[in-house]
Enquirer: 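Shown below is the structure under consideration.
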Amino acid sequence: MNQPADTFAQRTRRLTSEVQRLRDWAGGDPARQAQVADALVELNAHRLAGHAWAEAAPTAQEAVVRSARVLALHGPVGPYTPQSDAVRSVTALVHLAVIQAAAGLSEGAGQTLAAALGLREQLKRLDLDQALDPATITWALLTWARVAMAAGDLAAANARADAAASVEGPIDGWLAVSVDRATADARWAGGRPEPSVEHVLRAVERYDAEALALLQQPAAVPAAMLERLSEPLFGLYSEAADRVLVIGAPGLALTLRRRLVDLLGTLSVRRTELQPLLVTALTDLADDLRSGGRYAEADDVSELAASIAGEGDEERPTARVRAPLGAQVSWTPLP
């Protein structure tokens, strides 16, 4: 079987090389910094599309700094600020906020977004919303929703997640998965389990369309691509199974648990670091089987989990922290 081409990695290398070429060419010339900043923004947007948070962090910070310097070449932000410079700066700030939120730095992400929104407000005359890429607007609203969730403002989180889902324009498959997951989380925290389940199952469907065929033949997939595809697998499937169980669909929960176990079992042959997740997935499956009175099956699954974890190991997998269903909230749509 032919190995699928990792076009994401190929483009990453090309964009990284272009950034370095432009850095060398621009040197310390302020007039040339805009091209460097544009190249950095393009590289960061690409990395975010692949959830390469760690790799994007240094260049995201550099893009913010360089974009701000270009913005300052025309004097204070105001009537002489070019739209292209404003779009670049807002985009760079949004990218940095996304990475901060992914790292759990919700307060920092909120401050970075506040800077982006403040710049947008100062430059209303430029109509930046029409000039920004739809993916940038979606990332901004998603991150804004995550910031509200972390602060306990569940009405705002749901309103912002809805706004992210309503952005018009081309949104790639992975970003669409992120939108549905964020909306599912906001609905769950906001005490609305059925809509949450609808969104998380849609996220599973979108993820499967992007990844399932490749994950079922991991030996043929480049290592970097396999890592990107498997990164959201455990969290997405586990959340979906947990939530459908709460709304009274144990059969579907078991289907999701078994599919997750099968995929992790196949993947862990190449990625042994996934074995602890496989043990946890097996433990969850055994618990659900036991809750349904299927004790013999549960015991078999528990035995398999123990054999993978290692019979002599004292350390057992820690129980997952499942998000509790929140009290029901209502919200007003964003303008």
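When a residue number appears, it is its place in the shown sequence, counting from 1.
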Enquirer: Gln20 and Asp24: side-chain donor and acceptor closer than 3.5 Å?
Expert: yes

Enquirer: Would you say the side chain of Leu260 lies within less than 4.5 Å of the side chain of Ser238, judging by non-hydrogen atoms?
Expert: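 Sidechains of Leu260 and Ser238: in contact.
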
Enquirer: Can you find a heavy atom in the side chain of Val204 that is under 4.5 Å from one in the side chain of Arg259?
Expert: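 Yes - at least one pair of side-chain heavy atoms lies under 4.5 Å apart.
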
Enquirer: Which pair of heavy atoms, one from Arg181 and one from Gly235, lies closest together, and at what distance?
Expert: NH2-C, 3.6 Å

Enquirer: Any chance you could lay out the salt bridge (Lys or Arg N to Asp or Glu O under 4.0 Å) test for Asp242 and Arg257, step after step, and finish with the verdict?
Expert: CA-CA 9 Å; Asp242 290 347; Arg257 301 267 195 232; 2.8 Å; yes

Enquirer: If we only count heavy atoms from C-beta on, is the Leu142 to Leu175 side-chain gap below 4.5 Å?
Expert: yes

Enquirer: Just by modelled atom types, is the Ala92 backbone N or O under 3.5 Å from a matching donor or acceptor in the Asn44 side chain?
Expert: no

Enquirer: Start with the C-alpha gap between Leu43 and Thr16, add the side-chain angles, then the distance that decides, and say whether side chain to side chain contact (heavy atoms under 4.5 Å, CB included) holds.
Expert: CA-CA 7 Å; Leu43 174 60; Thr16 302; 3.8 Å; yes

Enquirer: If the test is side-chain hydrogen bond (donor to acceptor under 3.5 Å, both in side chains), which one of Gln35, Glu62, Glu18 qualifies with Arg23?
Expert: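 Testing each of Gln35, Glu62, Glu18 against Arg23, the sole residue satisfying side-chain hydrogen bond (donor to acceptor under 3.5 Å, both in side chains) is Glu62.
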
Enquirer: Under 4.5 Å between side-chain heavy atoms, counting indirect links through other Ile/Leu/Val/Met/Phe/Trp/Tyr residues: same cluster for Ile171 and Val98 or not?
Expert: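 Linked within one cluster.
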
Enquirer: Mind running salt bridge (Lys or Arg N to Asp or Glu O under 4.0 Å) on Arg228 and Glu231 for me, showing each step along the way?
Expert: CA-CA 5 Å; Arg228 291 194 307 276; Glu231 181 267 332; over 6 Å; no

Enquirer: Taking only Lys NZ, Arg NE, NH1 and NH2, and the carboxylate oxygens of Asp or Glu, determine whether Arg294 and Asp300 approach each other closer than 4.0 Å.
Expert: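 A salt bridge is absent here (no side-chain N lies under 4.0 Å from a carboxylate O).
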
Enquirer: Measure the spacing between CG of Asp129 and OG1 of Thr136 and express it to the nearest 0.5 Å.
Expert: 11.5 Å

Enquirer: Testing the basics here: between Ala220 and Pro4, what is the closest heavy-atom pair and its distance to 0.1 Å?
Expert: O-CD, 2.7 Å

Enquirer: Under the 3.5 angstrom rule, does the side chain of Gln33 hit a backbone N or O of Val70 as a donor-acceptor pair?
Expert: no

Enquirer: State, to 0.1 Å, how close Arg32 and Trp25 come at their nearest heavy-atom pair, and which atoms those are.
Expert: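 The answer is NH1-O, 3.0 Å.
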
Enquirer: So, do Asp208 and Tyr237 sit near enough that their side-chain heavy atoms are less than 4.5 Å apart?
Expert: yes

Enquirer: How many angstroms lie between atom NE2 of His51 and atom CG of Leu229, to the nearest 0.5 angstrom?
Expert: 11.5 Å

Enquirer: Specify the closest pair of heavy atoms between Ile99 and Ala60, including all atoms of both residues, with the distance to one decimal.
Expert: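 For Ile99 versus Ala60, the nearest heavy atoms are CD1-CB, 3.5 Å.
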
Enquirer: Determine whether a donor-acceptor pair (N or O, by modelled atom type, separation under 3.5 Å) exists between the side chain of Ser166 and the backbone of Ala163.
Expert: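 Yes, the answer is positive, given that a donor and an acceptor are paired below the 3.5 Å cut-off.
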
Enquirer: Are Arg290 and Ser302 close enough that a side-chain donor and a side-chain acceptor fall under 3.5 Å?
Expert: yes

Enquirer: Please answer: with hydrophobic residues joined when any side-chain heavy atoms are less than 4.5 Å apart, are Leu141 and Leu117 in the same cluster?
Expert: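 Same cluster.
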
Enquirer: List the steps, then state whether side chain to side chain contact (heavy atoms under 4.5 Å, CB included) holds for Val77 with Leu123.
Expert: CA-CA 8 Å; Val77 172; Leu123 297 169; 3.6 Å; yes

Enquirer: In sequence, state the C-alpha distance, the side-chain angles, and the governing distance for Asp185 and Arg243, and then conclude on salt bridge (Lys or Arg N to Asp or Glu O under 4.0 Å).
Expert: CA-CA 10 Å; Asp185 290 347; Arg243 293 174 188 180; 2.9 Å; yes

Enquirer: Measure from the side-chain N and O atoms of Arg47 to the backbone N and O of Glu55, and report whether any donor-acceptor pair falls under 3.5 Å.
Expert: yes

Enquirer: Do Tyr295 and Leu289 come close enough that some side-chain heavy atom pair is under 4.5 Å?
Expert: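 The answer is no; the side chains never approach within 4.5 Å.
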
Enquirer: Kindly say whether Ala323 contributes a backbone atom to a donor-acceptor pair with the side chain of Trp188 at under 3.5 angstrom?
Expert: yes

Enquirer: Salt bridge between Arg192 and Glu198, side-chain N to carboxylate O under 4.0 Å?
Expert: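 No, this pair does not count.
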
Enquirer: Does CZ belonging to Arg69 count more than 12 external heavy atoms closer than 6.0 Å?
Expert: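 Incorrect, the count does not exceed 12.
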
Enquirer: Does any N or O in the side chain of Tyr207 come within less than 3.5 Å of the main-chain N or O of Leu212, such that one atom is a donor and the other an acceptor?
Expert: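 No.
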
Enquirer: If you measure from the Lys or Arg side-chain nitrogens to the Asp or Glu carboxylate oxygens, is any gap between Arg202 and Glu205 under 4.0 Å?
Expert: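 Glu205 and Arg202: not salt-bridged.
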
Enquirer: I want to check something: taking the side chain as every heavy atom from C-beta on, are Thr59 and Val19 in contact at a cut-off of under 4.5 Å?
Expert: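 No, too far: nothing below the 4.5 Å cut-off.
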
Enquirer: I need the Leu285 CG to Thr280 OG1 distance, nearest 0.5 Å.
Expert: 12.5 Å

Enquirer: Are Thr266 and Gln216 close enough, and set up right, to give a side chain to side chain contact (heavy atoms under 4.5 Å, CB included), and what steps lead you there?
Expert: CA-CA 7 Å; Thr266 303; Gln216 290 175 333; over 6 Å; no

Enquirer: State the CZ-CG distance between Arg13 and Asp6, to the nearest 0.5 angstrom.
Expert: 7.0 Å

Enquirer: Report yes if some heavy atom in the side chain of Glu42 is under 4.5 Å from a heavy atom in the side chain of Arg11; otherwise report no.
Expert: yes

Enquirer: Hey, what do you get for CE (Met225) to CG (Leu215), rounding to the nearest 0.5 Å?
Expert: 10.5 Å

Enquirer: Apply the side-chain contact (heavy atoms from CB on, under 4.5 Å) test between Val261 and each candidate in Leu278, Leu256, Leu304; give the one that qualifies.
Expert: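 With Val261 as partner, Leu278, Leu256, Leu304 yield a single side-chain contact (heavy atoms from CB on, under 4.5 Å), made by Leu278.
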
Enquirer: Test of understanding: clusters of I, L, V, M, F, W, Y form through side-chain heavy atoms closer than 4.5 Å, transitively. Do Phe234 and Trp174 belong to the same one?
Expert: yes

Enquirer: Return the CG to OG1 distance between Leu40 and Thr91, rounded to the nearest 0.5 Å.
Expert: 13.0 Å

Enquirer: Determine, for Asp85 against Arg88, whether the closest basic-nitrogen to carboxylate-oxygen distance falls under 4.0 angstrom.
Expert: yes

Enquirer: Looking at Arg187 and Pro195, would you say the former's side chain and the latter's main chain have a donor-acceptor pair under 3.5 Å?
Expert: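 Side chain of Arg187 to backbone of Pro195: no pair is present.
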
Enquirer: Ignoring hydrogens and angles, tell me if any N or O in the side chain of Arg125 forms a donor-acceptor pair with the backbone of Pro79 under 3.5 Å.
Expert: yes

Enquirer: Say whether, by atom type as modelled, one donor and one acceptor occur between the side chain of Thr183 and the main chain of Val179 under 3.5 angstrom.
Expert: yes

Enquirer: Does Glu273 form a side chain to side chain contact (heavy atoms under 4.5 Å, CB included) with Glu227? I'd like the steps, not just the answer.
Expert: CA-CA 11 Å; Glu273 66 273 20; Glu227 182 176 357; 6.0 Å; no

Enquirer: Test of understanding: clusters of I, L, V, M, F, W, Y form through side-chain heavy atoms closer than 4.5 Å, transitively. Do Val64 and Val87 belong to the same one?
Expert: no

Enquirer: Does Glu107 have more than 12 heavy atoms from other residues, nucleotides or ligands lying within 6.0 Å of its CD?
Expert: no

Enquirer: Tell me if a side-chain donor or acceptor on Ser89 pairs with a main-chain N or O of Ala86 at a distance below 3.5 Å.
Expert: no

Enquirer: Could you report the tightest heavy-atom contact between Leu93 and Ala115, atom names first, then the distance?
Expert: CD1-C, 4.0 Å

Enquirer: Show the nearest heavy-atom pair for residues Gly191 and Leu325, with the distance to one decimal.
Expert: CA-CD1, 4.0 Å

Enquirer: Checking Asp153 now: which residues fulfil salt bridge (Lys or Arg N to Asp or Glu O under 4.0 Å) with it, not counting sequence neighbours?
Expert: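 Partners of Asp153 by the salt bridge (Lys or Arg N to Asp or Glu O under 4.0 Å) criterion come out as none, since no residue qualifies.
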
Enquirer: Transitively linked via ILVMFWY side-chain contacts under 4.5 Å: Val200 with Leu245?
Expert: no

